[in-house]
Colleague: 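Have a look at this one.
Every chain is numbered from 1 and lettered A, B, ... according to where its sequence line falls, protein lines coming before strand lines.
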Protein chains: 2
Amino acid sequence: MALDALDRRLLEQLQHDASQTNQALAHAVGLSPSACLKRVKRLKEAGVIVQQVVLLDPQKLAPSLHMVVEIIMARDHRALYQRFVERVMQEDEVKQCYQVTGEVDFVLIVEVVSMEAYDDFCDRVLYTDDNLQKFRTLISRQRNKFVTHRALS
Amino acid sequence: MALDALDRRLLEQLQHDASQTNQALAHAVGLSPSACLKRVKRLKEAGVIVQQVVLLDPQKLAPSLHMVVEIIMARDHRALYQRFVERVMQEDEVKQCYQVTGEVDFVLIVEVVSMEAYDDFCDRVLYTDDNLQKFRTLISRQRNKFVTHRALS
DNA sequence: CGTGAAATATGTATCGT
DNA sequence: ACGATACATATTTCACG
């Protein structure tokens with residue numbers, strides 16, 4: 001699906017604030033409400049807009065720990081990788097999973113309520129995978145930045 | 001601010017789908033629309049809900065590269081760290097910044113449109129910082145998972 | 001893409017528990 | 001203090017130009 005300048009302006013807006021009314025959005029990009037609504041609807045149907053969510057302030061919730069986990073696989077085999085990815089994706093603690101090049105094979109961002117919970121996670125997900133050779137955990141003291149928006153070319 | 005079971009159910013819902021109408025939300029958690037609206041408003045005012053955004057499908061947009069960047073500082077000094085954090089936070093390419101413990105000091109998730117753009121970023125942000133000792137870049141071939149929701153204790 | 005009117009939802013005041 | 005009901009206001013949504 002081709003995105004024109006108007007679509008990009010809409011997405012730019014919505015990536016920063018999706019709570020504004022359709023009217024406000026229309027005004028912000030210089031469209032009539034109906035035309036604006038049609039475009040947003042089209043972007044949703046086309047799958048460009050995947051989801052609309054609220055982001056919460058971690059400080060206002062029960063404290064949690066973020067871990068950056070680097071994983072080195074024993075063998076670079078497609079099916080084994082695939083199995084690992086599927087395993088990892090269904091775990092709630094895993095918030096992000098990157099497949100990377102170099103010495104490391106995967107980087108996970110894992111969020112847990114406590115060190116014990118992380119131990120459990122490692123036992124359950126990491127130590128049991130027989131293609132996992134080694135992993136290293138970087139414990140996050142602080143998440144200084146977290147934004148979800150993407151540049152639109 | 002204390003969150004009761006009803007607040008948690010609301011946040012649970014909104015973290016997965018913030019596009020639903022207040023009526024639908026009210027019904028989902030078993031409240032009247034007005035009571036539901038009051039609670040959501042309160043959660044926003046209290047700063048528990050920080051932002052409402054749309055998430056886009058990376059596949060549907062112009063391709064981009066994610067980098068996981070591990071940074072080791074020369075000296076563990078608070079003011080120098082602070083300066084680096086502030087520098088890094090204002091860069092659009094930096095989507096996430098974690099301050100971690102261990103050999104590595106910072107982990108960044110950086111998103112760029114091309115390898116050249118990443119070179120530029122390194123020149124501009126990393127190579128110019130005089131407290132930065134060393135960094136390692138893990139190039140993401142694929143982002144297998146990315147979710148924003150948090151567990152609510 | 002814009003206009004305008006019907007359908008829906010939001011927001012507020014008031015009452016009841 | 002919190003939720004429900006009902007009503008006024010605002011927004012969404014659709015047919016048509």
Colleague: Flag the pair Phe106(A) / Phe84(A) as yes when their ring centroid distance falls below 6.0 Å, and as no otherwise.
Modeller: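 Here the rings of Phe84(A) and Phe106(A) have centres that are less than 6.0 Å from each other.
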Colleague: In whole angstroms, how far is the P atom of dA1(D) from the CG atom of Asp7(B)?
Modeller: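 After rounding, the gap between these two atoms is 15 Å.
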Colleague: Write down the distance between NZ (Lys44(B)) and C1' (dT10(C)), rounded to a whole number of angstrom.
Modeller: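 In whole Å, dT10(C) C1' lies 11 Å from Lys44(B) NZ.
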Colleague: Could you check whether Phe135(A) and Tyr127(A) have their ring centres less than 6.0 Å apart?
Modeller: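 Ring centroids of Tyr127(A) and Phe135(A) are less than 6.0 Å from each other.
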Colleague: Atom NE2 of His27(B) to atom C1' of dA9(C): distance rounded to whole Å?
Modeller: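 Rounded to the whole Å, the gap is 16 Å.
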Colleague: Would you tell me whether Asp105(B) and Gln99(B) have side-chain atoms, one donor and one acceptor, within less than 3.5 Å of each other?
Modeller: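 The answer is no; no qualifying pair exists.
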Colleague: Do nucleotides 9-15 of chain D as a string where each nucleotide becomes B, S or -: B if the base has a protein heavy atom under 4.0 Å, S if just the sugar-phosphate does, - if no protein is that close.
Modeller: --SBSB-
Colleague: When you compare the side chain of Leu6(B) with that of Arg8(B), does any pair of heavy atoms fall below 4.5 Å?
Modeller: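 Heavy-atom side-chain distance check fails, nothing below 4.5 Å.
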Colleague: Given Tyr81(A) and Asp76(A), is the side chain to side chain donor-acceptor pair (under 3.5 Å) satisfied, shown in steps?
Modeller: CA-CA 7 Å; Tyr81(A) 268 47; Asp76(A) 285 343; 2.7 Å; yes
Colleague: Using a 4.0 Å heavy-atom cut-off, does Leu6(B) contact any base of the nucleic acid, only the sugar-phosphate backbone, or nothing at all?
Modeller: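 Contact class for Leu6(B): sugar-phosphate only.
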Colleague: I'd like to know if Asp7(A) and Arg42(A) make a salt bridge, using a cut-off of under 4.0 Å between side-chain N and carboxylate O.
Modeller: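 Yes, charged N to carboxylate O under 4.0 Å.
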Colleague: Would you classify Arg39(A) as touching base, sugar-phosphate or nothing, given that sugar-phosphate means primed atoms plus P, OP1 and OP2, and contacts are heavy atoms under 4.0 Å?
Modeller: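 Here Arg39(A) touches the backbone only, sparing every base.
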